[in-house]
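Okay, structure first, notes after.
Since we're looking at a predicted model, the values are computed, not measured. Sequence lines set the chain letters: A, B, ... in the order given, protein chains first and strands last, and positions in each chain run from 1.
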Amino acid sequence: MPELPEVEVVCRGLIPHLVSRTIRSVQYSGLPLRHPFPVETAQAELTGKTVTSVSRRARYVLIQVESHILVCHLGMTGNLGIFDRNAAKRKHDHIFFELDNGIELRFHDPRRFGSIQLFCHTAAEQLEKTIFSSLGPEPFDSAFTAGYLQKLARGKKGAVKNFIMDNRVVTGIGNIYANETLFLAGIHPKKQVGTLTSPQWQRLHEAILTTLHWAISCGGSTISDFLNASGEGGYFQANFKIYGKEGKPCPLCGKTIEKMVIGGRSSFYCKTCQK
DNA sequence: CAAGTTACCTGACGGC
DNA sequence: TGCCGTCAGGTAACTT
């Protein structure tokens, strides 16, 4: 479900509900997630503690609770939502953080590809050395430039689409936004990444920033199940130009949009507008 | 080392 | 009505 815009939207939505609130209790369904959730440690370390900040790194939501930090990943279908503590528990609700004002942060994830891990904030470097160690720059970081991409791509033979979806190259671009940015930049998704020209890297870099900012401002994309922290969908999907549009006319030239599988993922493109 | 494939899981959907 | 195959926004451990 969540690429960078969706995670950013969730994160911004959580801030006013969580920051400065104290955790009263922690509960866990016990069903396995992508990584084990250390429920007993969480209960011992977080109960009675106050949330100090909520932020995002790559596709992780980081909830800092005094000396500890919850590292949340939404996987494909994960959701971090704010509920009244008396609201009925739903199937696939897995982790519950009861707060001091009667509301509850709930982690809901049907496919259980997501996870919540707990780190000691005083060992923040441990976080950098483990789960963040292989992450490339954030798209909005000044280190992320067209030149950076071109240099990193030199000599590589894979498809440009796989390259920009690689978290070691740049974080947060998944299948939807890879499709959309390549269309906006006029670049074929299967083009060998080492062969892009400087102008193409400039266009692609700009397309990535434009698309991600626009999607965030639309509250993300809701295809089937993405919801923000307040349970509302996004509407960037109304602005999709290429993703999921197989058989429809290209919005630029009118030719039929095609679909192919690249790296196991559905890829949509206009063979006239993307070279 | 780079690039391609598979597994992890549930649910929705189309075809029969 | 239900059974089956296919597909879905991500990631990492495999294999080639």
Side-chain angles (χ1 to χ4, degrees), chain A residues 1-11 29-37 56-61 71-80 90-95 107-117 130-136 139 152-182 189-195 208 211-212 215-216 218-228 233-247 259-268:
Chain A
M1 143 195 320
E3 301 181 37
L4 184 147
E6 289 72 34
V7 180
E8 181 66 24
V9 165
V10 166
C11 189
S29 70
L31 289 176
L33 301 167
R34 170 164 265 282
H35 301 289
F37 176 66
R56 178 188 62 75
R57 168 73 171 115
R59 273 170 268 204
Y60 294 92
V61 175
V71 180
C72 313
H73 197 292
L74 302 181
M76 290 278 261
T77 53
N79 173 257
L80 283 169
R90 300 165 301 168
K91 191 178 183 184
H92 307 304
D93 279 346
H94 295 300
I95 303 175
F107 178 69
H108 174 91
D109 189 0
R111 289 176 76 178
R112 288 187 275 121
F113 288 176
S115 63
I116 299 185
Q117 294 168 274
T130 54
I131 52 183
F132 294 166
S133 65
S134 61
L135 293 178
L152 197 59
R154 190 170 300 152
K156 290 197 161 66
K157 303 202 167 175
V160 61
K161 179 162 179 275
N162 293 339
F163 183 75
I164 62 170
M165 289 175 67
D166 186 340
N167 280 321
R168 294 167 299 185
V169 173
V170 58
T171 63
I173 301 171
N175 200 35
I176 291 176
Y177 298 108
N179 276 287
E180 293 295 321
T181 56
L182 287 165
K190 208 161 186 181
K191 187 172 177 64
Q192 274 195 13
V193 69
T195 68
I208 288 169
T211 304
L212 295 179
I216 291 169
C218 290
S221 301
T222 298
I223 295 177
S224 61
D225 54 14
F226 168 71
L227 299 175
N228 68 19
Y235 52 90
F236 186 73
Q237 67 281 0
N239 297 311
F240 287 172
K241 297 193 173 5
I242 204 85
Y243 179 83
K245 305 289 189 186
E246 181 189 14
K259 174 181 169 179
M260 71 191 306
V261 175
I262 303 172
R265 315 301 296 271
S266 292
S267 306
F268 306 88

Restricting both atoms to N or O, compile the protein contacts to nucleotides 8-11 of chain B shorter than 3.5 Å, with distance only.
unit_1: B:dC9; atom_1: O3'; unit_2: A:Arg112; atom_2: NH2; d: 3.0
unit_1: B:dC9; atom_1: O2; unit_2: A:Arg111; atom_2: NE; d: 2.7
unit_1: B:dC9; atom_1: N3; unit_2: A:Arg111; atom_2: NH2; d: 3.3
unit_1: B:dT10; atom_1: OP1; unit_2: A:Arg112; atom_2: NH2; d: 3.0
unit_1: B:dT10; atom_1: O4'; unit_2: A:Pro110; atom_2: O; d: 3.4
unit_1: B:dT10; atom_1: O3'; unit_2: A:His92; atom_2: NE2; d: 3.2
unit_1: B:dG11; atom_1: OP1; unit_2: A:Lys91; atom_2: NZ; d: 3.3
unit_1: B:dG11; atom_1: OP1; unit_2: A:His92; atom_2: NE2; d: 2.6

Inset, instruction - Can you tell me which residue pairs pass the salt bridge (charged side-chain N to carboxylate O under 4.0 Å, His left out) test with a partner in residues 236-245 of chain A, sequence neighbours excluded? - result: none
Legend entry - Span that lies between the P atom of C:dG5 and that of B:dA7, in whole angstrom: 15 Å
Inset, instruction - Write down the distance between CG (A:Asp225) and P (C:dA8), rounded to a whole number of angstrom. - result: 14 Å
Inset, instruction - Indicate, with a heavy-atom threshold strictly under 4.0 Å, whether A:Gly264 touches base, sugar-phosphate, or nothing. - result: nothing
Legend entry - Whole-Å gap separating P (C:dG9) and CG (A:Asn175): 5 Å
Inset, instruction - Mind listing the closest non-hydrogen atom pair of A:Leu80 and A:Cys72 along with its distance? - result: CD1-CB, 3.9 Å
Inset, instruction - Check side chain to side chain donor-acceptor pair (under 3.5 Å) between A:Tyr60 and all other residues, then give those that pass, not counting sequence neighbours. - result: none
Legend entry - Flag for A:Asp109-A:Thr77: side-chain donor and acceptor within less than 3.5 Å: yes
Legend entry - Rounded distance in Å - CZ (A:Phe268) to C1' (C:dA8): 11 Å
Inset, instruction - Would you please say whether a donor-acceptor pair under 3.5 Å links the side chains of A:Arg59 and A:Asn167? - result: yes
Inset, instruction - Provide the distance between the two P atoms, one in B:dA3 and one in C:dG9, to the nearest whole Å. - result: 22 Å
Legend entry - Results of side chain to side chain donor-acceptor pair (under 3.5 Å) for A:Thr181 - residues two or more places apart only: none
Legend entry - Residues, nucleotides or ligands: over 12 heavy atoms within 6.0 Å of A:Arg168 CZ: no
Legend entry - Base-paired stems in DNA chain B, each at least three Watson-Crick or G-U pairs under 3.5 Å: B:2-8 with C:10-16, B:10-16 with C:2-8
Legend entry - Exercise: identify the closest heavy-atom pair between A:Leu4 and A:Thr171: CD1-O, 4.0 Å
Inset, instruction - Answer yes or no: side-chain N or O of A:Ser224 and base N or O of C:dG9 forming a donor-acceptor pair under 3.5 Å. - result: yes
Inset, instruction - Would you classify A:Asn167 as touching base, sugar-phosphate or nothing, given that sugar-phosphate means primed atoms plus P, OP1 and OP2, and contacts are heavy atoms under 4.0 Å? - result: sugar-phosphate
Inset, instruction - Could you check whether A:Tyr243 gets within reach of a base, just the sugar-phosphate, or nothing at all, counting any heavy atom under 4.0 Å? - result: sugar-phosphate
Legend entry - Gap between atoms CE and C1', on A:Met165 and C:dA8 respectively (whole Å): 12 Å
Legend entry - ring pair (Phe, Tyr, Trp, His ring centres under 6.0 Å) partners for A:Phe113, two or more places apart: none
Inset, instruction - Measure from CZ on A:Phe226 to C1' on C:dA8 and round the result to the nearest Å. - result: 16 Å
Inset, instruction - Tell me, please, which residues at least two apart from A:Asn228 pass side chain to side chain donor-acceptor pair (under 3.5 Å). - result: A:Glu232
Inset, instruction - Please identify each residue that fulfils side-chain contact (heavy atoms from CB on, under 4.5 Å) with A:Cys218, with sequence neighbours left out. - result: A:Trp214, A:Tyr235, A:Phe236, A:Asn239
Legend entry - Qualifying residues under side-chain contact (heavy atoms from CB on, under 4.5 Å), relative to A:Arg112, sequence neighbours excluded: A:Leu31, A:Pro32, A:Leu33, A:His94
What does the list of N/O pairs under 3.5 Å between the protein and nucleotides 5-7 of chain C look like, with a distance for each?
none

Could you go over nucleotides 1-4 of chain B and give all protein N or O partners under 3.5 Å, atom names and distances?
unit_1: B:dA3; atom_1: OP1; unit_2: A:Lys157; atom_2: N; d: 2.5
unit_1: B:dA3; atom_1: OP1; unit_2: A:Gly158; atom_2: N; d: 3.0

Inset, instruction - Please check the phosphate of C:dG9 (OP1 and OP2 only) for any side-chain N or O of A:Arg59 closer than 4.0 Å. - result: no
Inset, instruction - Could you tell me which residues satisfy side chain to side chain donor-acceptor pair (under 3.5 Å) with A:Arg111, sequence neighbours excluded, listed by chain and number? - result: none
Inset, instruction - Ignoring hydrogens and angles, tell me if any N or O in the side chain of A:Glu180 forms a donor-acceptor pair with the backbone of A:Tyr243 under 3.5 Å. - result: yes
Inset, instruction - Between B:dA12 and C:dT11, how far apart are the P atoms? Round to whole Å, please. - result: 23 Å
Inset, instruction - Could you check how far CZ of A:Arg265 sits from C1' of B:dT6, rounded to whole Å? - result: 13 Å
Inset, instruction - Mind calculating the distance between CZ (A:Phe240) and C1' (C:dA8) to the nearest angstrom? - result: 13 Å
